[in-house]
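The shown structure was predicted, so the numbers you read here are calculated from the model rather than taken from an experiment. Naming convention: chains lettered A, B, ... in sequence-line order (proteins, then strands); numbering from 1 in each chain.
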Protein chains: 2
Amino acid sequence: MSKNLVGNHIRKLRFNHDEMTQQQLADKVGVTRQTIVALEKGNYSPSLELAFRIAHTFNLPLEEIFYYGENTKQ
Amino acid sequence: MSKNLVGNHIRKLRFNHDEMTQQQLADKVGVTRQTIVALEKGNYSPSLELAFRIAHTFNLPLEEIFYYGENTKQ
DNA sequence: ACATAATGTAAATCAAACTATACATTAAGT
DNA sequence: ACTTAATGTATAGTTTGATTTACATTATGT
């Protein structure tokens, strides 16, 4: 329950960037693959710190990856 | 330990916005005053969800309030 | 001098992010 | 047919964000 209000485009971005795998992204940002899986599934929203690291990895502003709103899908 | 790598301008912004008190900001974003205190002190970085709510309250993009880097102060 | 509002600090507890491990499924290569 | 890489799913456990409560300090107003 307690639905997550933060969505993201991580999955899409992985494929736009070199077909990066979940494991590769996990390694780059310093978390486990399970964390990436959970984020892509939308199970929970990341810490701000992790969000910054992911944004940095994709060379994008944080708000182009993560979005906040009632509508889960943007 | 485990120093926090995310800083913010919350305190500055409170005074730029109507001299908003910690309690008022806490109420607006739906947390307790202690959470605001801890954030201003830099004790930890907020959840991404809370970061979005704070940014929304100040009508600013998230990255103008929160920043990531070795240098704690921006 | 007294009251009140805003802030600082601290510690116990709760809730959510994140880890670790494990196993199943699908697709691609040899 | 077999192996390997990538992904899906699940669950118990650890870490850390956030709450709650409580009390101290400083400034302002009366």
Side-chain angles (χ1 to χ4, degrees), chain A residues 1-58 60 62-63 65-70 72-74, chain B residues 1-58 60 62-63 65-70 72-74:
Chain A
M1 285 292 108
S2 76
K3 62 172 175 175
N4 177 21
L5 290 174
V6 177
N8 67 75
H9 302 299
I10 294 177
R11 194 172 186 83
K12 208 180 305 174
L13 287 166
R14 273 200 302 117
F15 291 98
N16 293 350
H17 282 250
D18 244 342
E19 293 283 333
M20 185 184 290
T21 68
Q22 291 175 335
Q23 187 64 62
Q24 287 172 329
L25 176 56
D27 291 343
K28 283 202 178 189
V29 300
V31 297
T32 63
R33 187 175 67 88
Q34 293 319 307
T35 298
I36 304 299
V37 170
L39 290 179
E40 290 190 359
K41 279 184 64 182
N43 283 0
Y44 51 72
S45 62
S47 67
L48 183 55
E49 205 164 323
L50 176 54
F52 268 119
R53 275 185 265 137
I54 291 172
H56 190 254
T57 295
F58 289 127
L60 286 174
L62 194 150
E63 290 178 282
I65 303 179
F66 299 94
Y67 52 90
Y68 181 78
E70 301 303 326
T72 307
K73 296 289 176 189
Q74 200 185 38
Chain B
M1 284 287 108
S2 73
K3 64 170 171 176
N4 177 22
L5 291 175
V6 177
N8 66 76
H9 302 300
I10 294 178
R11 193 173 187 83
K12 208 179 304 172
L13 287 168
R14 274 200 301 118
F15 292 98
N16 293 351
H17 281 251
D18 243 343
E19 292 283 335
M20 185 184 290
T21 68
Q22 292 175 334
Q23 187 64 63
Q24 287 172 328
L25 176 56
D27 290 343
K28 284 203 180 190
V29 300
V31 297
T32 63
R33 187 174 68 87
Q34 293 319 306
T35 299
I36 304 299
V37 170
L39 290 179
E40 289 190 359
K41 279 184 64 183
N43 283 1
Y44 52 73
S45 61
S47 67
L48 182 55
E49 205 164 322
L50 176 54
F52 268 119
R53 274 184 266 137
I54 292 172
H56 189 255
T57 294
F58 289 127
L60 286 174
L62 193 151
E63 289 177 284
I65 303 180
F66 300 93
Y67 51 90
Y68 181 79
E70 302 303 324
T72 308
K73 297 291 177 190
Q74 199 184 38

* Nearest-nucleotide pick for B:Lys41, side chain only, options being C:dT9, D:dG8, D:dA18 -> C:dT9
* D:dA18, C:dT19, D:dT9: which one has an atom nearest the side-chain heavy atoms of A:Val37? -> D:dT9
* Asked: Tell me: CG of A:Asp27 to P of C:dA20, nearest whole Å?
  -> 12 Å
* Do other residues, nucleotides or ligands put more than 12 heavy atoms under 6.0 Å from A:His17 NE2? -> yes
* Whole-Å distance between C:dT25 P and A:Gln22 CD? -> 18 Å
* Report yes if the side chains of A:Thr35 and A:Tyr44 come closer than 4.5 Å at any heavy-atom pair, otherwise no. => yes
* Which whole-number value in Å describes the distance from B:Asn43 CG to C:dA11 P? -> 12 Å
* **Shortest side-chain distance from B:Thr35, nucleotide among C:dT7, C:dT19, D:dT19** => D:dT19
* Asked: Rounded to the Å, how far apart are B:Met20 CE and C:dA6 P?
  -> 13 Å
* **B:Arg14 side-chain N/O to C:dA6 phosphate OP1/OP2 under 4.0 Å** => no
* Of the candidate nucleotides D:dT7, D:dT19, D:dA22, which contains the atom at the shortest distance from the side chain of A:Arg33? -> D:dT7
* Asked: Taking the side chain of A:Phe15 as heavy atoms from C-beta outward, which of D:dT7, C:dG8, D:dT9 is closest to it?
  -> D:dT7
* Spacing between B:Glu49 atom CD and D:dT16 atom C1', to the nearest angstrom -> 16 Å
* Student check: side-chain heavy atoms of B:Glu63 and A:Phe52 closer than 4.5 Å -> yes
* Assign B:Thr32 to base, sugar-phosphate, or nothing according to its heavy-atom contacts below 4.0 angstrom with the strands shown. => base
* Under 3.5 Å, side chain of B:Arg53 to main-chain N/O of B:Val29, donor-acceptor pair present? -> yes
* Asked: A:Leu39 has an atom CG; how far is it from atom C1' of D:dT7, in whole Å?
  -> 15 Å
* base_contact_polar (C:dT9 base, B:Gln34 side chain, donor-acceptor, <3.5 Å) -> yes
* Interatomic distance, A:Ile36 CD1 vs D:dA6 P [rounded to whole Å] -> 15 Å
* Send over the distance from A:Leu50 CG to C:dC18 C1', rounded to a whole Å. => 9 Å
* To do: Would you indicate which nucleotide in C:dA17, D:dA18, C:dG8 comes nearest to any side-chain atom of A:Ser45?
  => C:dA17
* **Contact check, side chains of B:Val31 and B:Leu39, non-hydrogen atoms, under 4.5 Å** => no
* Structure fact -> Comparing B:Arg11 with B:Ser47, nearest DNA chain C nucleotide closer to 5' gives the residue B:Arg11
* To do: Give one of base, sugar-phosphate or nothing for A:Val31, where a contact means two heavy atoms less than 4.0 Å apart.
  => sugar-phosphate
